[in-house]
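Each remark here refers to the structure printed beneath this line.
As the structure is a computational prediction, the values presented were derived from the model and not from experiment. Every heavy atom of this structure was used, including side-chain atoms; hydrogens, water molecules and symmetry mates were not. A, B, ... follow the sequence lines: proteins, then strands. Residue 1 opens every chain.
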Amino acid sequence: GEDVEQSLFLSVREGDSSVINCTYTDSSSTYLYWYKQEPGAGLQLLTYIFSNMDMKQDQRLTVLLNKKDKHLSLRIADTQTGDSAIYFCAESRSSASKIIFGSGTRLSIRP
Amino acid sequence: DTEVTQTPKHLVMGMTNKKSLKCEQHMGHRAMYWYKQKAKKPPELMFVYSYEKLSINESVPSRFSPECPNSSLLNLHLHALQPEDSALYLCASSQEGAKDYEQYFGPGTRLTVT
């Protein structure tokens, strides 16, 4: 079956790097995503990676994909207070419209 | 313009009321989605419209009735809801074809059923 798992909480110090991890079970996943949700708001697509890629970097964000272990991570460099949010890992197949979300990781920043 | 708008932002309704949620996008996207999100949970897909036709219904109760009047608008008609239907209702859209995987979400309508 389809399942996406992530740890529920992460606390980091301002200025440090945050690493949020995710595992998925569907080997036919083609697209893997990271969404950010701030309190009371909708979801913002942060970045995505195709399953034939190992890494994608976009400014402070680095996504690493280990397809063999079905492990996805999001690294946020120089974490700021504005990065406080819930981060959802998600996956979908090639042209399917259904996205399967993980339970979300709540990132909190301490001074 | 990468914006999906939703109205109203908040809605309180009784179990005998009829109300509608509205969603609009002007990005030329041909796929539109309704999701339901309970507190501290991930979004759950309810419906997908593709080229204004319903393509996915995730076994949603009939008290939720979607409608896609044109390619820019998506409605969710609500009737005889239950208190457990209280949640954040999110609309999303994506461009069919090559970029189908990029879904853009609206801010949501927070629904409370009393």
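Counting heavy atoms from C-beta outward, B:Met27 and B:Val4 have side chains that approach closer than 4.5 Å. A 4.5 Å side-chain heavy-atom check between A:Leu10 and A:Ser18 finds at least one atom pair inside the cut-off.
Listed options B:Lys40, B:Gln37, B:Arg110 were ranked by heavy-atom pairs under 4.5 angstrom with chain A; first place goes to B:Gln37.
Residues A:Ser92 and A:Tyr33 bring a donor and an acceptor atom of their side chains to less than 3.5 Å of each other. Between the side chains of B:Gln103 and B:Tyr35, at least one donor N or O sits under 3.5 Å from an acceptor N or O. Of the N and O atoms on the side chains of B:Glu102 and B:Tyr104, at least one donor lies less than 3.5 Å from an acceptor on the other residue.
Of all residues in residues 84-92 of chain B, those placing a non-hydrogen atom less than 4.5 angstrom from a non-hydrogen atom of chain A are B:Leu88, B:Leu90.
Between A:Asp26 and A:Lys70, none of the side-chain N atoms (NZ, or NE/NH1/NH2) sits under 4.0 Å from a carboxylate O, so this pair counts as no salt bridge. Remark: B:Lys38 does not engage B:Glu44 in a salt bridge, criterion side-chain N to carboxylate O under 4.0 Å. Under the 4.0 Å criterion applied to side-chain N and carboxylate O atoms, A:Lys36 and A:Glu38 are assigned as salt-bridge partners.
In this structure, chain A has a heavy atom under 4.5 Å from the side chain of B:Glu58, while its backbone stays farther away. Interface residue A:Leu45: only side-chain heavy atoms are found under 4.5 Å from chain B. When heavy atoms are compared at a cutoff of 4.5 Å, A:Gln37 approaches chain B solely by way of its side chain, counted from C-beta outward.
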